[in-house]
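Structure, as structure tokens:
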Amino acid sequence: QVQLVESGGGLVQAGDSLSLSCAASGRTFSSYVVGWFRQAPGKERGFVARINWSGDSTYYADSVKGRFTISRDNAKNTVYLLMSSLRPEDTAVYYCAASRAPYTPTAARSYDYWGQGTQVTVSS
């Protein structure tokens, strides 16, 4: 069982940067793939980025590639999402999720545990 708590959301202006954190409970955090997803009002939850167990493999949605960076510190049971050059279309509730899959999924249905989400609002 893993419990996830996101933090770091807020209101920023277009072009600003923001860093999100996802703190996990449990002693086996390093055995989970972790992903970030986001959901804007009226839209489905969509994939943003994911990182593998050791942190040496990452993958991003095209819409955030080159602007967002996912990283993890297994010693601190924490995954980070550094968001730069933010755009109004990045406005959403951001969720982190953990997967027990033996591969590195991007589909939300492959993730077993979810945080409660943190709001990110980017003004133009």
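Just so it is clear, the model here is predicted, and its values are computed rather than measured.
For R45, the salt bridge (charged side-chain N to carboxylate O under 4.0 Å, His left out) test picks out no residue, with sequence neighbours left out. Partners of Y94 according to the ring-ring contact (aromatic ring centres under 6.0 Å, His included) rule, which considers only residues two or more places apart in sequence or in another chain, do not exist here. Listed by chain and number, the residues in a side-chain contact (heavy atoms from CB on, under 4.5 Å) with E89 are R87 (sequence neighbours excluded). Taking the side-chain contact (heavy atoms from CB on, under 4.5 Å) definition, one finds that S110 meets it with Y103, P105, A107, sequence neighbours left out. With sequence neighbours left out, R67 forms a salt bridge (charged side-chain N to carboxylate O under 4.0 Å, His left out) with D90. Under the salt bridge (charged side-chain N to carboxylate O under 4.0 Å, His left out) criterion, K43 pairs with no residue at all, not counting sequence neighbours. For the side-chain contact (heavy atoms from CB on, under 4.5 Å) test, residues two or more places apart in sequence or in another chain that qualify with D56 are N52, S54. By the side-chain contact (heavy atoms from CB on, under 4.5 Å) test, S31 is found to be paired with T28, residues two or more places apart in sequence or in another chain being considered.
The two residues G115 and Y95 make their nearest non-hydrogen contact at O-CD2, 3.6 Å. Minimum heavy-atom separation, T118 to L20: CG2-CD2, 4.0 Å. When all heavy atoms of Q116 and V5 are compared, the closest pair comes out as OE1-CA, 3.8 Å.
Considering only heavy atoms from C-beta on, W53 stays 4.5 Å or farther from S30 through its side chain. Between Y111 and F37 the shortest side-chain heavy-atom distance falls below 4.5 Å.
The CZ atom of F47 lies 13.0 Å from the CH2 atom of W36; values are rounded to the nearest 0.5 Å.
Other residues, nucleotides and ligands contribute at most 12 non-hydrogen atoms within 6.0 Å of the CD atom of Q3.
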Practice prompt. With side chain to side chain contact (heavy atoms under 4.5 Å, CB included) as the test, would you mind laying out the steps for Y59 and I70 before giving the verdict?
Written response: CA-CA 9 Å; Y59 186 75; I70 188 172; over 6 Å; no
Side-chain donor-acceptor contacts of residues 77-86 below 3.5 Å, not counting sequence neighbours, with atom names and distances?
unit_1, atom_1, unit_2, atom_2, d
N77, ND2, A24, O, 3.4
N77, ND2, G26, O, 2.8
T78, OG1, K76, O, 2.8

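The cationic group of R72 lies under 6.0 Å from the six-membered ring centre of F29 and within 45° of the ring axis, placing it in a cation-pi geometry.
Residue pairs satisfying the disulfide bond (SG atoms under 2.5 Å apart) criterion with at least one member in residues 26-113, sequence neighbours excluded, are listed as follows: C22-C96. Residue pairs that meet the salt bridge (charged side-chain N to carboxylate O under 4.0 Å, His left out) test with at least one member in residues 6-21, sequence neighbours left out, do not exist here. Among residues at least two apart or in separate chains, salt bridge (charged side-chain N to carboxylate O under 4.0 Å, His left out) pairs with a member in residues 108-124 are R100-D112.
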